[in-house]
Structure formats: C-alpha cells, structure tokens
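Data first, discussion second: the structure below is written as structure tokens.
Just so you know, these numbers use all the heavy atoms, side chains as well, and skip hydrogens, waters and symmetry mates.
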Amino acid sequence: MSIYLIFGVIALASYIVQARLNSKFEKYSKEALPGGLRGCDVAQRMLAQNGLHDVKVTQVNGRLTDHYNPADKTVNLSPDVYNGNSVAAAAVAAHECGHAVQHATAYSFLTMRSKLVPVVSFASKVMPWLLLAGIFTVETFPQLLLAGIILFASTTLFSFITLPVEIDASRRALAWLNSAHITDYTTHDHAKDALKSAAYTYVVAALSSLATLVYYILIYTSRRD
C-alpha cells in the first residue's frame, strides 16, 4: 500500500470520526442528566470526592475546548459543558476531572506527556521550516531534513503517549459517574459512547502523525537510490 493511499484512508477516517463525534455530542447534549446537575456541578463534585480541593473549575470560550491545565490546576469547561445539564456535559466534565486526578496521583503517562510539552512546543515552531528546507536540500544537506524528522518524531511520540492518558481519564470518569450515581443504567451507556467517540479522534491523530513521519523518513532514505 502506497503512503499516499494510507494518507487518503486516514483523512477519510478522520472525517468520519469527527462527524461521528459531533453527531454523538449533539445527540447526548439534548439528553438531560438525572438530578439536574450542570457540568460544572459534576466537575466540582468529582474533584471534592477525590480530595482535590485546590483545583478550580472555570469556563472558557469555544465549543469542545474543554481541557485540564496542570500548570495552574484548573478544569476549563466550554460554555455548553459548564452550563449544560446533559449526559454529554457530565461525561466531558468528569473526563477533564479525570486528568486532574491523574495529575494528583502522578499517573505515569501524564507525567511523560507533561515532560514532552516543552520539546513539542519548540518543535512546532521550527520543525515546519526544517522539514521544508530539508526536502529542498536533501541531496546536498540531508542533515537538515534529519533534524526535522527527529523533531517530528517527538510530536508523534507525544500523540501516542496521549492515547493512554485520554483512555485512562475516560475510564476514571465513567467509574466515578457510576459510583456517584450521577448516571443511571441508560445514561451511563450514553456517556460511555460519547467518550469512546472522542477517544477515536486521538487514535486517528496518532496514526496520521505516524504516517507523516514515515513519509518524511522515506524522502530521507530515498536520496541514496
């Protein structure tokens, strides 16, 4: 299978996964959560029950911009999640709190990912220029492309380390939602479905990064042919 066909398959998969994610969240955003809790209420309760009293829950602009920031210990929720009384809002809020629990318990993959952040941040700034210049000078100065490939490899590694981090956060979220009786037998399956759809986006992103890395490696090695 050619690398271009692989790119095409991944691009199609990415489109399908993103469309499915949007559809799932749209569907479960209309399903009210029993008890009338909003996403921010769910987050605050999960943090409290895990003893994380130094983590704040804040609202950020955008849609599906929810994230946990370990630097300032904040669970940042988008307006639809922060104010939403839905299965989707509860699932997302609990997932982000799952990251806070990972941080508090020094979850190994989260620690590894955090250590890679400065490297990835640097790589994202200089890597595109190194790769572009390296492709044009691969016959005369291949070391430039090699440097770009090494930096790109760090971002690929970051993508794959992200997978267990996200899966574990969802596992923690679903376990807590069930044990705290936030979801019932019906809504729990829907929360699980929503988080599973979100996880697929990280899988596709990691595979896309790996395929791109292989592409640049092939350019580098083909110069010898």
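In this structure, OG1 on Thr201 lies 12.5 Å from CZ on Arg20, to the nearest 0.5 angstrom. With rounding to the nearest 0.5 angstrom, the CZ atom of Phe152 is 7.5 Å from the CG atom of Leu131. Separating the CZ atom in Phe136 from the CG atom in Leu144 is a distance of 12.0 Å, to the nearest 0.5 Å. For the atom pair CD1 (Ile182) and CG (Leu33), the distance works out to 7.0 Å, reported to the nearest 0.5 Å.
In terms of modelled atom types and a separation under 3.5 Å, the side chain of Ser14 and the main chain of Ile10 share no donor-acceptor contact. Counting only distance, with no hydrogens or angles, the side chain of Thr137 and the backbone of Thr140 share no donor-acceptor pair below 3.5 Å. Counting only distance, with no hydrogens or angles, the side chain of Asn50 and the backbone of Met46 share a donor-acceptor pair below 3.5 Å. Looking at Asn85, its side chain never comes within 3.5 Å of a backbone N or O of Arg38 through a donor-acceptor pair. Between the side chain of Ser23 and the backbone N or O of Ala19, no donor-acceptor pair lies under 3.5 Å. Side-chain N or O atoms of Ser170 include none that pairs as donor or acceptor with a backbone N or O of Ile167 at under 3.5 Å. In terms of modelled atom types and a separation under 3.5 Å, the side chain of Asp66 and the main chain of Ser78 share a donor-acceptor contact.
Minimum heavy-atom separation, Pro79 to Gly62: CD-O, 3.3 Å. Nearest heavy atom pair, residue Ala104 against residue Leu52, reads CB-CD2, 3.4 Å.
The shortest side-chain heavy-atom distance between Thr162 and Phe109 does not fall under the 4.5 Å cut-off. Within the 4.5 Å cutoff, the side chain of Val55 has heavy atoms near those of the Tyr68 side chain. Inter-residue side-chain proximity for Leu210 and Phe160 is flagged as met; some heavy-atom pair is nearer than 4.5 Å. At least one side-chain heavy atom of Arg171 sits less than 4.5 Å from a side-chain heavy atom of Asp168. A heavy-atom distance below 4.5 Å is found between the side chains of Leu64 and Asn22. Using a 4.5 Å heavy-atom threshold, the side chains of Pro142 and Tyr220 count as touching. Residues Trp176 and Val42 have side chains in contact (heavy-atom distance under 4.5 Å, counting atoms from C-beta outward). In this structure, the side chains of Ser209 and Thr155 come closer than 4.5 Å at one or more pairs of heavy atoms.
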* To do: Kindly indicate, with the supporting measurements, whether the criterion side chain to side chain contact (heavy atoms under 4.5 Å, CB included) is fulfilled by Leu37 and Arg45.
  => CA-CA 10 Å; Leu37 293 176; Arg45 184 174 296 188; 3.7 Å; yes

* To do: Please lay out, stage by stage, how Asp80 and Phe25 fare under the test side chain to side chain contact (heavy atoms under 4.5 Å, CB included).
  => CA-CA 11 Å; Asp80 288 343; Phe25 272 85; over 6 Å; no

* **Check against side chain to side chain contact (heavy atoms under 4.5 Å, CB included), Val57 and Tyr82** => CA-CA 9 Å; Val57 180; Tyr82 189 94; 4.0 Å; yes

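Looking at Val81, Leu77, Asn83 one by one, the single match for side chain to side chain contact (heavy atoms under 4.5 Å, CB included) with Gln59 turns out to be Asn83.
No more than 12 heavy atoms of other residues, nucleotides or ligands shown are found within 6.0 angstrom of OH on Tyr200. No more than 12 heavy atoms of other residues, nucleotides or ligands shown are found within 6.0 angstrom of CG on Asn61. In Phe7, the CZ atom is crowded: over 12 heavy atoms of neighbouring residues, nucleotides or ligands sit closer than 6.0 Å.
Using a 3.5 Å distance cut-off with no hydrogens or angles, the side chains of Asp72 and Thr74 do pair a donor with an acceptor.
Under a cutoff of 6.0 Å and an axis angle of 45°, Arg172 and Tyr107 form a cation-pi pair.
A distance of 6.0 Å or more separates the ring centres of His103 and His99.
A salt bridge does not link Lys192 with Asp189: every distance from a Lys NZ or Arg NE/NH1/NH2 to an Asp or Glu carboxylate oxygen is 4.0 Å or more.
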